[in-house]
J.: 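Below is one structure. I have some questions about it.
Note that the structure is a prediction, hence the values are computed from the model and not measured. Heavy atoms only: backbone and side chains are in, while hydrogens, waters and symmetry mates are out.
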Amino acid sequence: MDEHGSEEEPGEVQNESYRGQGRVLLLTMCAAGIGGTFQYGYNLTIINAPTMHIQKFVNETWLERSGQQLDSQVITLIWSIIVSVYPLGGFLGALLAGPMAIRLGRKKSLLVNNLFVILSAILCGFSRSAKSFEMIVLGRILAGLNSGVSMNVQPMYLAESAPKKLRGTVAMSSAVFTALGLVLGQVIGLSEILGGEDCWPFLLASNAIPAILQLFVLPWLPESPRYLLIDLKDKDSCICALQRLRGHSDISIEMEEILAEQAATSGQRPKSLCELIREPTLRRQLLTIVVLSCAMQLCGNDSMYFYASSIFQEAGIPLEKIQYVVIGTGSCELITSITCTVFIDRVGRRALVMGGYSLMSVWAVVFMVALSQQGVVSWMPYLSMVCIFAYILSFGIGPAGVTGIMPGEIFDQMARPAAYMICGSLIWIMLFVIGLAFPFILQGLGHFCFIPFLVACVSTSLYVGLFLPETKGKSLLEITEEFTKHSVKRKNVANGWNGPQEIKSTML
C-alpha cells in the first residue's frame, strides 16, 4: 500500500523492480565492456591506418642507427612481426585469464588487466621520441595480453552476474563492445583525426583512455555473486551483490539455484586445463566450445575485410572515399550485435548460431560466383559488395556473440575458467593460423578461396543443429542434464535400445 492507503498495482511494482535492476546491470555491462572486449576490437583496427607511417619510421630509425636503409622485404618482415605479436599476446592472455579469474575474482581481474594496456600505451606513445620500433612490438604484445584476458573474463563476469532471463542479453554485450571498438578504431584512425603521419603515436596510445574509464567506474560495482558464494563461500557478500544487481526483485529463487550449484560442486576445487580435458563427463561440452571457437575464425569473416577495399574500388567508389565506406563494414557488425542482444533471449542461442552460419554458407557461394564473373558481367562488383556486407551481417546475427557466452552457460563454476581458457586460446590460435594461411589459400584457389570457409560454416551449422541443446532460460543444472540425456540417448540407440520416452525439460 502507498502512503494514501491505496494498494499498488502488481505491474507497477514489477516495472519499478525492473528499473532498479536495470540501472546497476546496465552500468556493470558498460563498465566491464569499455575496458574489456572493447579493447580487442579497438586494438585490432587502430594498427591498420598508420601502416605506411610506421614502416617509414622503422626505416628512418634503422638509418639513424646504422647509416644504411633497410631492404623493403626486411621492412615488411618487421611490420609483419608488429602485426602478428598481437594475437600472440592474446593467446598468452587467454591462458592467463583462468588463473586470474580464480585467484583475483572476476572484477579484480578486469581491473588488474588494465595495467597491461596502460603499459602498452606508454611504450607505443613514446616509441617515436625514443626512436625505438622495438617499443611498438612490446606494446602490441601487452595490448594483446590485455585483450586475451578481457575476452575471457568479461563474458564470465557478466554471465555470472545476470539474472537467468536476461543472461544472454547481458553476456551478448561483450560482442557489442567488440564491434563498437572495431568501428571506433576505424573512425579514430582516419587521416583527419589520428591516422596522419604526425599523430600515429597518439593513435596507438589512445587505448589507455578506455582503461582509465574502467578503473574509475568498475570498483564501485559488485563482484560476481556466484564467485562470492561458490568460490569464496561468502554468503553475505553474495546476497549483498545480488540485491544491488537485482534492485527490488525477489532474490530467493536465484539464491536457491546458486546454493544448488554450490552443493553440486561441494568439495571440488577449480579445474585446471588438463583436468578439464581429462574429465569424461564434460567431453561433449568441451567438444562444443572447441567447434564453436574454431569456427569463429575458420568461417572467414575477417578475410572479408581483405577484399573490401578492392571490391569497393571496382564498384566505382573513389579511392579517397573508400576508408569511409570500410567503416560501414564494421558498423554492420555493430548493428547486428545490438540486434542480437535484443533477440537472443527470445529466439535462443541455437537458432541464432545455426541461422548465422547457414546464411554465411549461402553468401560464400554467391560471393565466389560474383568474384569469378567480375571481369565478365559489369554489375558483378556491386553484387560482391552486397555479399561483403551480407556476410558480415550474418556473422553478427549469432556466431559473433553467442560463441563467447557458451562456456559460461554449459560449464559449472569449477570448470568455467578452464573452459574460457580453451575457448580464448583457440580463437587466438585460429586468428594467427588464418592470417598466415589465407594468402596461400588465395594464391592457390583464386576466386574460389572461400571454399574452406564454406566447409567450416556448413559443418558448424550441422553440428549445432544435431548436438547442441538450447540453453535459453535454463539453469546450469538443467543444461547439464540436457547434455547428459543426449549422450545416454545416443549410447542407447547405438546399443539397439531406444530407452524410455524422454521427459522434456521445463522451459523457464
J.: Distance from Ile427 atom CD1 to Gln297 atom CD, nearest 0.5 Å?
T.: 6.5 Å

J.: Compare every heavy atom of Asn113 with every heavy atom of Val149, then report the nearest pair and how far apart it is.
T.: CB-OD1, 3.4 Å

J.: Can you tell me if Glu275 uses its side chain to pair, donor with acceptor, with the backbone of Ser272 under 3.5 Å?
T.: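 The answer is yes, because a donor-acceptor pair under 3.5 Å joins these two groups.
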
J.: Taking Ser206 for its side chain and Leu203 for its backbone only, find out whether a donor-acceptor pair lies under 3.5 Å.
T.: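 Yes; judged by distance alone, with no hydrogens or angles, the pair exists.
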
J.: Might you work through the side-chain hydrogen bond (donor to acceptor under 3.5 Å, both in side chains) test for Tyr463 and Thr288, ending with a clear yes or no?
T.: CA-CA 8 Å; Tyr463 177 86; Thr288 297; 3.0 Å; yes

J.: Looking at Arg349, is its backbone amide N or carbonyl O close enough to the side chain of Glu470 to form a donor-acceptor pair, meaning the two atoms are under 3.5 Å apart?
T.: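 Checked: pair present.
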
J.: What heavy-atom pair brings Trp428 and Ala94 nearest, and what distance separates the two atoms?
T.: CD1-CB, 4.2 Å

J.: At their closest point, which heavy atom of Ser109 faces which heavy atom of Val153, and how far apart are they?
T.: CB-CG1, 4.0 Å

J.: Under the criterion side chain to side chain contact (heavy atoms under 4.5 Å, CB included), I'd like the reasoning laid out for Ile327 against Leu190: C-alpha separation, chi angles, the key distance, then a yes or no.
T.: CA-CA 10 Å; Ile327 294 174; Leu190 291 173; 4.0 Å; yes

J.: Which atom pair, heavy atoms only, marks the closest approach of Pro469 to Arg284?
T.: CD-NH2, 4.4 Å

J.: To the nearest 0.5 Å, tell me how far Asp412 CG sits from Ile230 CD1.
T.: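 Interatomic distance, Asp412 CG to Ile230 CD1, rounded to 0.5 Å: 8.0 Å.
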
J.: Evaluate the side-chain proximity of Val112 to Lys108: yes if any heavy-atom separation is below 4.5 Å, no if none is.
T.: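 Yes, their side chains come closer than 4.5 Å.
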
J.: Closest approach of Pro417 and Met156, non-hydrogen atoms and distance?
T.: CA-CE, 4.0 Å

J.: Any side-chain to backbone donor/acceptor pair from Ser150 onto Asn146? Under 3.5 Å, distance only.
T.: yes

J.: With a 4.5 Å cut-off on side-chain heavy atoms, are Val353 and Leu468 touching?
T.: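 Contact flag for Leu468/Val353 side chains = no.
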
J.: Please identify each residue that fulfils side chain to side chain contact (heavy atoms under 4.5 Å, CB included) with Ala205, with sequence neighbours left out.
T.: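 For Ala205, the residues satisfying side chain to side chain contact (heavy atoms under 4.5 Å, CB included) (neighbours in sequence not counted) are Ala121.
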
J.: Report the distance from atom CZ of Phe389 to atom OG of Ser331, rounding to the nearest 0.5 Å.
T.: 8.5 Å

J.: If you compare all heavy atoms of Phe411 against all heavy atoms of Ala419, which two are closest, and at what distance to 0.1 Å?
T.: CD1-CB, 3.5 Å

J.: Evaluate the criterion side chain to side chain contact (heavy atoms under 4.5 Å, CB included) for residue pair Thr28 and Tyr157; output intermediate values, then yes/no.
T.: CA-CA 10 Å; Thr28 301; Tyr157 173 51; 3.6 Å; yes

J.: Quick one: do Arg244 and Glu223 make a salt bridge, cutoff under 4.0 Å?
T.: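 Looking at Arg244 and Glu223, the cut-off is not met.
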
J.: Mind checking whether Ser161 and Val170 have side chains closer than 4.5 Å, heavy atoms only?
T.: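 Not touching, per the 4.5 Å side-chain cut-off.
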
J.: With a 4.5 Å cut-off on side-chain heavy atoms, are Leu115 and Leu142 touching?
T.: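 Not touching, per the 4.5 Å side-chain cut-off.
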
J.: Is there side-chain contact between Leu462 and Tyr357, with heavy atoms separated by less than 4.5 Å?
T.: no

J.: Side chains of Met421 and Pro99: closer than 4.5 Å at any heavy-atom pair?
T.: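 Counting from C-beta outward, Met421 and Pro99 do come under 4.5 Å.
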
J.: Excluding sequence neighbours, so at least two apart, what forms side chain to side chain contact (heavy atoms under 4.5 Å, CB included) with Leu215?
T.: Leu111, Asn114, Ile118

J.: For Arg346, is the CZ atom crowded, meaning more than 12 foreign heavy atoms sit under 6.0 Å from it?
T.: no

J.: Does Cys124 offer a backbone N or O that forms a donor-acceptor pair with the side chain of Arg140 under 3.5 Å?
T.: no

J.: Test your reading of the model: is there a side-chain donor-acceptor pair from Arg246 to the backbone of Ile251, 3.5 Å cut-off?
T.: no

J.: Keeping Ser459 on the side-chain end and Val455 on the backbone end, is there a donor-acceptor pair under 3.5 Å?
T.: yes

J.: Side-chain donor-acceptor contacts of residues 83-93 below 3.5 Å, not counting sequence neighbours, with atom names and distances?
T.:
| from | atom 1 | to | atom 2 | distance (Å) |
| --- | --- | --- | --- | --- |
| Ser84 | OG | Ser80 | O | 2.8 |
| Ser84 | OG | Ile81 | O | 3.4 |
| Tyr86 | OH | Tyr40 | O | 3.1 |
| Tyr86 | OH | Ser147 | OG | 2.8 |

J.: Please name all residues satisfying side chain to side chain contact (heavy atoms under 4.5 Å, CB included) with Leu232, sequence neighbours left out, ordered by chain then number.
T.: Tyr227, Leu228, Asp234

J.: What's the spacing between Arg128 CZ and Phe202 CZ if we round to 0.5 Å?
T.: 7.0 Å

J.: Is there any side-chain hydrogen bond (donor to acceptor under 3.5 Å, both in side chains) pair reaching into residues 166-183, and which pairs are they, with sequence neighbours excluded?
T.: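 Of all non-adjacent pairs touching residues 166-183, those that pass side-chain hydrogen bond (donor to acceptor under 3.5 Å, both in side chains) are Gln154-Ser174, Arg167-Glu409, Thr169-Asp345.
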
J.: Whether the side chain of Ser425 engages the backbone of Ile422 through a donor-acceptor N/O pair (distance < 3.5 Å, no angle test) should be reported.
T.: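 No.
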
J.: Side chains of Ile441 and Phe450, heavy atoms from C-beta outward: is any pair under 4.5 Å?
T.: no

J.: What verdict does the side chain to side chain contact (heavy atoms under 4.5 Å, CB included) test give for Ile344 and Ile405, after you've listed the backbone C-alpha separation in whole Å, the side-chain angles of each residue and the deciding distance to 0.1 Å?
T.: CA-CA 11 Å; Ile344 188 170; Ile405 72 174; 3.7 Å; yes

J.: What is the distance from atom CZ of Phe395 to atom SG of Cys299, rounded to the nearest 0.5 Å?
T.: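 So the CZ of Phe395 and the SG of Cys299 are separated by 4.5 Å.
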
J.: Let me confirm one number: the CG-CD distance from Leu245 to Glu254, rounded to the nearest 0.5 Å.
T.: 8.5 Å

J.: Can you tell me if CD1 on Ile253 sees more than 12 non-hydrogen neighbours from other groups inside 6.0 Å?
T.: no

J.: Short question: side chain of Thr37, backbone of Phe177 - any donor-acceptor pair under 3.5 Å?
T.: no

J.: Does this structure show an ion pair linking Glu160 with Arg106, if we count only N-O contacts that are shorter than 4.0 Å?
T.: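 Yes, Glu160 and Arg106 are salt-bridged.
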
J.: Is a donor on one side and an acceptor on the other found under 3.5 Å between the side chain of Lys107 and the backbone of Pro219?
T.: yes

J.: Can you establish whether the number of heavy atoms outside Phe126 located under 6.0 Å from its atom CZ is more than 12?
T.: no

J.: Under the side-chain hydrogen bond (donor to acceptor under 3.5 Å, both in side chains) rule, what do Asn207 and Gln39 come out as? Steps first, then yes or no, please.
T.: CA-CA 7 Å; Asn207 55 10; Gln39 293 280 23; 5.0 Å; no

J.: If you apply the rule side chain to side chain contact (heavy atoms under 4.5 Å, CB included), what do you find for Thr471 with Met406, and how did you get there?
T.: CA-CA 9 Å; Thr471 61; Met406 288 311 296; 4.1 Å; yes

J.: Can you list the residues that meet the ring pair (Phe, Tyr, Trp, His ring centres under 6.0 Å) rule with Phe38, with sequence neighbours excluded?
T.: Tyr42

J.: Side-chain contact test, heavy atoms from C-beta onward, threshold under 4.5 Å: evaluate it for Val24 versus Pro222 and give yes or no.
T.: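 Yes, at least one pair of side-chain atoms sits under 4.5 Å.
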
